[in-house]
There are 2 protein chains.
Amino acid sequence: MRLLVAECTVTYRGRLSAHLPRATRLIMFKSDGSVLIHSDGGSYKPLNWMSPPCVVRENTETAEFVVTNKSGETLSIEVHQVHSDNSHELGVDPGLIKDGVEAHLQILLAENLSPLGQGYTLVRREYPTAIGPVDILCKSAQGETVAVEIKRRGEIDGVEQLTRYLELLNRDPLIAPVRGVFAAQEIKPQARTLALDRGISCITLDYEALKGTDDSSLRLF
Amino acid sequence: MRLLVAECTVTYRGRLSAHLPRATRLIMFKSDGSVLIHSDGGSYKPLNWMSPPCVVRENTETAEFVVTNKSGETLSIEVHQVHSDNSHELGVDPGLIKDGVEAHLQILLAENLSPLGQGYTLVRREYPTAIGPVDILCKSAQGETVAVEIKRRGEIDGVEQLTRYLELLNRDPLIAPVRGVFAAQEIKPQARTLALDRGISCITLDYEALKGTDDSSLRLF
DNA sequence: CCGTAAATGTCGTCG
DNA sequence: CGACGACGTTTACGG
């Protein structure tokens, strides 16, 4: 990894055009060819960048870098003044371990359907359909089939997604009628309104409470 | 901006939990308090990070950094061995200039509706409804009202969005019936199929051609 | 390689 | 400050 702190001017041409006027920035060259240009603020997103796979060509005469990828996108970096230029050998990273994403909510809810109500039984998780898998398919105490869509944050998109599944499932006379449940840690008002308008019920999930009922906790770290 | 290249172990606890085993990485401390941890590969997204506003507390005894934000999320960085540690004064960045995003497509199409067909007239751009603004509302040569949804890349979500607008607009007897047009630089096959199934027509837009018809080109850089 | 869905999404805008 | 949609979304996963 090469870290170049320099006054520079940058232009990207590709899916759109973007230009950075002359200023001092950090230019990060990663060993896979990717390049990131960071200012001293903002969030993790660089001002400008090129994702791998790509090739860096350095012109030492003109102090210009041109980074290109296969689709013909280019990132041109004109270096006016170098403040610092250091390279480091970092090696391959062992990578990130995560816990608490949607997949975990799905596993925990499938193991314990009680947030849905009494007497629910699991048909299967990731129930396959022609337009993608339904997160959880189960049956209520009364024997109704119930499709559950799980989100960390419940927004309109998720309701639309569940609606498409329900439409398809209800065309199958073997399992119709199917009722929909929208389950999320947090449900936005507009999503709740749309769901209820379509006869889909909403429940909010408590990840910590779900994890408390799980006998296989403390697995990751 | 402080650039620390070091062997480290990192743990994030917040919306989820995430852990990075011991390895050599770049730790970037920005002047607004934000912290980014990068490996020597992958794309622009750091392995782990904390977004501003947040506070960094350094414990020089234990060689540990703890970064906290208002919501109580924490990022703990345990430093085992320092390879390099440099700070730089970068100043405020003048920021990025962009050209070619959806807003430009919308402006250009509103100025010249000919891609829709002959004799179309603009009612207004960003036509307000209760569930959000319709990109372009116009009338055909035959006097039909037409709602246009513009995307750079046309996918299913965009068709769903236009469908919701059409449903709402068609409830208003003053402007009903309203026909839908899905316009994008590129339309995914599944989105096209869904649109046509719902009686929505699809057109692909050529940004360069649209810009060619625009008298106010070459404004940005 | 395409297509879909998730994301500690982030970022802008508008109320 | 929340809601909502765009993003050079990126990233992971499945066919």
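Naming: A, B, ... by sequence-line order, numbering from 1 per chain.
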Would you kindly give the [atom1]-to-[atom2] distance between [X] and [N], to the nearest whole Å?
X	N	atom1	atom2	answer
B:Leu96	D:dA6	CG	C1'	15 Å
B:Gln190	D:dG14	CD	C1'	13 Å
B:Asp32	C:dC11	CG	P	10 Å
A:Lys70	D:dG8	NZ	C1'	19 Å
A:Glu73	D:dT10	CD	C1'	13 Å
A:Lys151	C:dA5	NZ	P	8 Å
A:Glu126	D:dA12	CD	C1'	13 Å
B:Asp135	D:dG5	CG	P	11 Å

task = Flag as yes if B:Tyr44 stacks onto the base of D:dT10 (centroids under 5.5 Å, planes under 30°), otherwise no.
result =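 Taking the rule of under 5.5 Å and under 30°, the ring of B:Tyr44 does not stack on D:dT10.
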So, [X] and [Y], do they make that salt bridge, N to O below 4.0 Å?
X	Y	answer
B:Arg125	B:Asp135	no
A:Arg171	A:Glu167	yes
A:Arg124	A:Glu126	no
A:Glu58	A:Arg2	yes

Is there a side-chain polar atom (N or O) of [X] under 4.0 Å from OP1 or OP2 of [N]?
X	N	answer
B:Ser51	C:dT8	no
A:Tyr165	C:dA5	yes
B:Arg153	D:dG5	no

Have a look at [X] and say if it touches a base, only the backbone sugar-phosphate, or nothing, with a 4.0 Å heavy-atom cut-off.
X	answer
A:Pro189	sugar-phosphate
A:Glu155	nothing
B:Ile156	sugar-phosphate
B:Met50	nothing
A:Asp157	nothing

Rounding to an integer number of angstrom, what distance separates [N] and [M] when you compare their [atom1] atoms?
N	M	atom1	result
D:dC7	C:dA7	C1'	13 Å
C:dA5	D:dG8	P	22 Å
C:dT8	D:dG14	C1'	25 Å

request  = For B:Lys188 and for A:Glu149, find the nucleotide of DNA chain C with the closest heavy atom, then tell me which residue's nucleotide is more 5'.
outcome  =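 Upstream on the strand: B:Lys188.
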request  = Between A:Ser43 and B:Leu47, just flag the one whose closest nucleotide in DNA chain C comes earlier from the 5' side.
outcome  =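 Nearest-nucleotide comparison on DNA chain C picks B:Leu47.
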message = Please report whether the ring centroid of B:Tyr127 lies less than 6.0 Å from that of B:Tyr165.
response =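 Centroid distance B:Tyr165-B:Tyr127: not below 6.0 Å, so no.
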ask   = Which residue, A:Glu186 or B:Gln161, contacts DNA chain D at a nucleotide closer to its 5' end, judged by nearest heavy atom?
value =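 Checking each residue's closest nucleotide, the 5'-ward one belongs to A:Glu186.
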message = For A:Trp49 and B:Lys45, find the nucleotide of DNA chain D closest to each by heavy atoms; which residue's nucleotide sits nearer the 5' end?
response = A:Trp49
inquiry  = Tell me whether the rings of A:Trp49 and B:Tyr44 are parallel (<30°), tilted (30 to 60°) or perpendicular (>60°).
reply    = perpendicular
inquiry  = For B:His38 and A:His38, take the angle between the two ring planes, folded into 0 to 90°, and tell me which bin it lands in: parallel under 30, tilted 30 to 60, perpendicular over 60.
reply    = perpendicular
key: Derivation of the side chain to side chain donor-acceptor pair (under 3.5 Å) call for A:Thr74 and A:Thr68   = CA-CA 5 Å; A:Thr74 59; A:Thr68 324; over 6 Å; no
key: B:Arg15, nearest nucleotide to its side chain (from C:dA7, C:dT10, D:dT10)   =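 So the side chain of B:Arg15 is nearest to C:dT10.
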inquiry  = Pairs counted only when both distances fall under 3.5 Å, Watson-Crick or G-U: show me the 5' to 3' dot-bracket for DNA chain D, [ ] for pseudoknotted crossings and | for other-strand partners.
reply    = |||||||.|||||||
request  = Using the side chain to side chain donor-acceptor pair (under 3.5 Å) rule, pick out the option among B:Arg25, B:His80, B:Arg22 that qualifies with B:Glu7.
outcome  = B:Arg22
